[in-house]
Amino acid sequence: MQKYSLLSLVRHGLSGHKGWQPLWRQPALKPAYDVVIVGAGGHGLATAYYLAKEHGVRNIAVIERGWLGGGNTGRNTTIIRSNYLFDESAALYEHAVKLWEGLSQELNYNVMYSARGVMMLAHTVHDIQSFKRHVHANRLNGIDNEWLTPEEAKEFCPPLNISKDIRYPILGAALQRRGGTARHDAVAWGYARGADALGVDIIQNCEVTGIRRGPDGAVTGVETSKGFVATKKVGVVAAGHTSVVMAMAGLRMPLESYPLQALVSEPVKPAFPCVVMSNTIHAYISQSDKGELVIGAGTDAYTSYTQRGALHIAEHTLDAICELAPMFRRMRMLRNWGGIVDVTPDRSPILSKTAVPGLYVNCGWGTGGFKATPGSGHVFAHTIARDEPHPIAAPFTIDRFRDGVLIDEAAAAAVAH
Ligand code: FAD
Ligand code: PYC
């Protein structure tokens, strides 16, 4: 694999940048693989990377019906944090944050992880109680989180309006300083490049249309738009389309798929130093390194597979943003879009073996899975390679919906809490 470094940049610069190699191959689909991953989003690609790197499985295909990173991975607002309430969630998301901290070095690819701080605004007494509970629970788990007064919040993020005369005044905030953002495309590209270098075949523009099972019920392969592929292990990592893919094996999933929308502004000079989330009014905002304000909303009210933005959602969210940071009132918005998020009844993911031997599923990340990408891939690779869950993944079994052992991270929420 070509290495990226200052030296290689200078060397290629001297020869007119003509010698760079493509980041991954465009291989033909082989008739058989040891493992097939369905879906080349960040989670699927990370799973393949760690399967190859840490478990020595080299004969892997990642099959993607569109282009890699074109699903929610390339559509999200890139907020990274680990300030979840329950011990199980804290362990999972903190595992991911620790991997984020070294990911650019691990992949030799700049994923632009920026720990600029994630601030969650409280607007009601209930918010204050709930966020303080999170602060205490996180600190007991060794995860940084602190409570700020409105004045301290404004000091950390000067554009905030802390006047008491608005619809939802800011009454305080929880701040995770190690939280932040990363460049979403780069995460998909970095894992794709790393997996490809370890021999993983990434097959784009190829839809999985069926899952074949043998007389004992175990997986024997997948049907695709490019033909049949034999395999004994299939990992489904298809986000909003997981229910559709799992139904191919006869399994009904505890998932609902909703559009979640986001939008970006015209680019401006650095003006917004951190990430701000307001779950109460369903608005969150950060500024990309390109200068665009990256703004997101709550989920749409209805289930749907429509990956589109809608004006009324943008209007509602911008109403809130203009109240929170009035200096943005004259900004123009450039584009909006939607992604289909896979939501479980307890708003926690599923990382699990299934009742079908050889079939594994990684889904249910809903509105909040980007932050988990490295950790999710890491523990799911273990689950597939060893046919038993990684200890961090064990509580996130699909069986919890049968047994009632839920991990209820705000089931009423319209965005991740
Ligand atoms: P995806 O990237 O969606 O990958 C799944 C892939 O499966 C897709 O590429 C799809 O084409 C493919 N696929 C589906 N069916 C088939 C098939 N039959 N055959 C082959 N391939 C198939 N999370 C955060 O942590 N922070 C945020 O700030 C945040 N903001 C968000 C904002 C928006 C607007 C959206 C939509 C999501 C947001 N999320 C956020 C959630 C996050 O984007 C997702 O949880 C995460 O990216 C899921 O990654 P994935 O790899 O599982 O899914
Ligand atoms: O999970 O932090 C998050 C998030 C913010 C916006 C959407 N998801």
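Note that these values count all heavy atoms, side chains included, but never hydrogens, waters or copies made by symmetry. Quick caveat, the model's predicted, so the values are computed rather than measured.
A heavy-atom distance below 4.5 Å is not found between the side chains of Ile211 and Glu223. Two residues are said to be in side-chain contact when any heavy atoms from C-beta on lie closer than 4.5 Å; Thr303 and Ser257 fail this criterion. Here the side chains of Asp216 and Pro357 are not in contact, with every heavy-atom distance at 4.5 Å or above. With a 4.5 Å cut-off on side-chain heavy atoms, Lys3 and Asn108 count as touching. Considering only heavy atoms from C-beta on, Leu318 comes within 4.5 Å of Met333 through its side chain. The shortest side-chain heavy-atom distance between Val118 and Leu175 does not fall under the 4.5 Å cut-off. Looking only at side-chain heavy atoms (C-beta outward), Leu148 and Met119 come within less than 4.5 Å of each other. No side-chain heavy atom of Val264 sits less than 4.5 Å from a side-chain heavy atom of Ser288.
A pairwise comparison of heavy atoms in His134 and Asn83 identifies CD2-O, 3.4 Å as the closest pair. When all heavy atoms of Leu255 and Cys363 are compared, the pair lying nearest together is CD1-SG, 3.8 Å. Closest approach of Thr224 to Gly227, counting heavy atoms only: OG1-O, 2.7 Å. When every heavy atom of Gly117 is checked against every heavy atom of Cys274, the shortest pair comes out as O-CB, 3.5 Å. The minimum heavy-atom distance linking Leu103 with Pro374 is given by the pair CD2-CG, 4.2 Å. Taking all atoms of both residues into account, the shortest heavy-atom contact from Lys353 to Pro389 is CD-CD, 4.5 Å.
Between the side chain of Lys233 and the backbone N or O of Ile384, at least one donor-acceptor pair lies under 3.5 Å. A donor-acceptor pair under 3.5 Å links the side-chain atoms of Ser104 to the main chain of Val111, judged by distance alone. A donor-acceptor pair under 3.5 Å is absent between the side-chain atoms of Thr77 and the main chain of Gly296, judged by distance alone. Ser352 places a side-chain N or O within donor-acceptor distance of the main-chain N or O of Ile398, the cut-off being under 3.5 Å. Side chain of Asp403 to main chain of Val405: no donor-acceptor pair is present (N/O by atom type, distance under 3.5 Å, no hydrogens or angles). A donor-acceptor pair under 3.5 Å is formed between the side chain of Arg75 and the backbone N or O of Gly338. Between the side chain of Asp342 and the backbone N or O of Gly364 there is at least one donor-acceptor pair closer than 3.5 Å. A donor-acceptor pair under 3.5 Å is absent between the side-chain atoms of Thr47 and the main chain of Ala381, judged by distance alone.
Side-chain contact check for Lys30 and Asn59: at least one donor-acceptor pair (N or O, by modelled atom type) lies under 3.5 Å. Between the side chains of Glu409 and Ser89, at least one donor N or O sits under 3.5 Å from an acceptor N or O. For the residue pair Asp127 / Thr280, a side-chain donor-acceptor distance below 3.5 Å is found, with atom types taken as modelled. When only modelled atom types and interatomic distance are considered, Gln176 and Ser82 share a side-chain donor-acceptor pair under 3.5 Å. Side-chain atoms of Asp144 and Asn138 include no donor-acceptor pair closer than 3.5 Å. Checked by atom type, the side-chain pair Gln261/Asp300 shows a donor-acceptor distance below 3.5 Å. A donor-acceptor pair shorter than 3.5 Å can be found between the side chains of Thr344 and Asp346. No side-chain N or O of Tyr284 forms a donor-acceptor pair with one of Asn279 less than 3.5 Å apart.
A centroid separation of less than 6.0 Å is found between the aromatic rings of Tyr4 and Trp20. Between Trp24 and Tyr191, the ring centre distance reaches or exceeds 6.0 Å. Under the 6.0 Å cut-off for aromatic ring centres, Phe380 and Tyr50 do not qualify, their centroids lying 6.0 Å or more apart.
Ionic pairing of Glu323 and Arg329 is not present here: no N-O contact between side-chain nitrogen and carboxylate oxygen is shorter than 4.0 angstrom. Between Arg177 and Glu146 there is a salt bridge, since at least one side-chain N of the basic residue sits less than 4.0 Å from a carboxylate O of the acidic one.
Pairs passing the salt bridge (charged side-chain N to carboxylate O under 4.0 Å, His left out) check and including a residue from residues 96-109, sequence neighbours excluded, read Lys53-Glu106, Glu94-Lys98, Glu101-Arg178. Applying the salt bridge (charged side-chain N to carboxylate O under 4.0 Å, His left out) rule to pairs touching residues 307-320 yields nothing, sequence neighbours excluded. Pairs of residues two or more places apart, or lying in two chains, never qualify as salt bridge (charged side-chain N to carboxylate O under 4.0 Å, His left out) while including a residue from residues 33-52. Listed by first then second residue, pairs satisfying salt bridge (charged side-chain N to carboxylate O under 4.0 Å, His left out) with a partner in residues 181-196 read Arg25-Asp196, Arg183-Asp185, not counting sequence neighbours. Judged as a side chain to side chain donor-acceptor pair (under 3.5 Å), the pairs with a partner in residues 240-249 (not counting sequence neighbours) are, in order, Arg65-His241. Residues in residues 374-394 take part in these side chain to side chain donor-acceptor pair (under 3.5 Å) pairs, two or more places apart or across chains: His43-Ser376, Glu54-His378, His95-His378, Tyr360-Asp387, Asn362-Ser376.
In this structure, His126 places its NE2 atom where only 12 or fewer heavy-atom neighbours from other residues, nucleotides or ligands lie under 6.0 Å away. Sparse packing is recorded around CZ of Arg133, with 12 or fewer heavy atoms of other residues, nucleotides or ligands lying under 6.0 Å away. Other residues, nucleotides and ligands contribute at most 12 non-hydrogen atoms within 6.0 Å of the CH2 atom of Trp67. In the displayed structure, Lys232 atom NZ is contacted under 6.0 Å by at most 12 heavy atoms of other residues, nucleotides or ligands. In the displayed structure, Arg167 atom CZ is contacted under 6.0 Å by more than 12 heavy atoms of other residues, nucleotides or ligands.
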Decide ring pair (Phe, Tyr, Trp, His ring centres under 6.0 Å) for Phe370 and Trp100; before the verdict, give the C-alpha distance in whole Å, the side-chain angles of both, and the deciding distance to 0.1 Å. CA-CA 11 Å; Phe370 176 72; Trp100 280 114; 5.3 Å; yes

Derivation and outcome, side chain to side chain contact (heavy atoms under 4.5 Å, CB included), residues Cys206 and Glu64: CA-CA 6 Å; Cys206 179; Glu64 166 57 49; over 6 Å; no

**OP:** Would you sort out whether Tyr258 and Ser304 count as a side chain to side chain contact (heavy atoms under 4.5 Å, CB included), showing the intermediate values?
**Re:** CA-CA 5 Å; Tyr258 291 91; Ser304 159; over 6 Å; no

Before giving the answer on side chain to side chain contact (heavy atoms under 4.5 Å, CB included), spell out for Ile321 and Leu293 the whole-Å C-alpha distance, their side-chain angles and the decisive distance to 0.1 Å. CA-CA 11 Å; Ile321 297 284; Leu293 298 180; 5.8 Å; no

**Prompt:** Given the rule in the side chain to side chain contact (heavy atoms under 4.5 Å, CB included) test, do Gln307 and Ile340 qualify, once you have shown the distances and angles that lead to the verdict?
**Reply:** CA-CA 6 Å; Gln307 292 191 131; Ile340 307 305; 3.6 Å; yes

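Under a cutoff of 6.0 Å and an axis angle of 45°, Arg212 and Phe228 form a cation-pi pair.
With Val245 as the fixed residue, the side-chain contact (heavy atoms from CB on, under 4.5 Å) test singles out one of Val222, Val237, Val236: Val236. Checking Ile37, Val38, Val244 one by one against Val208, the side-chain contact (heavy atoms from CB on, under 4.5 Å) holds for a single residue, Val38.
Taking the six-membered ring where the residue is Trp, Tyr168 and His123 present perpendicular rings, their angle passing 60° and hence far from 30°.
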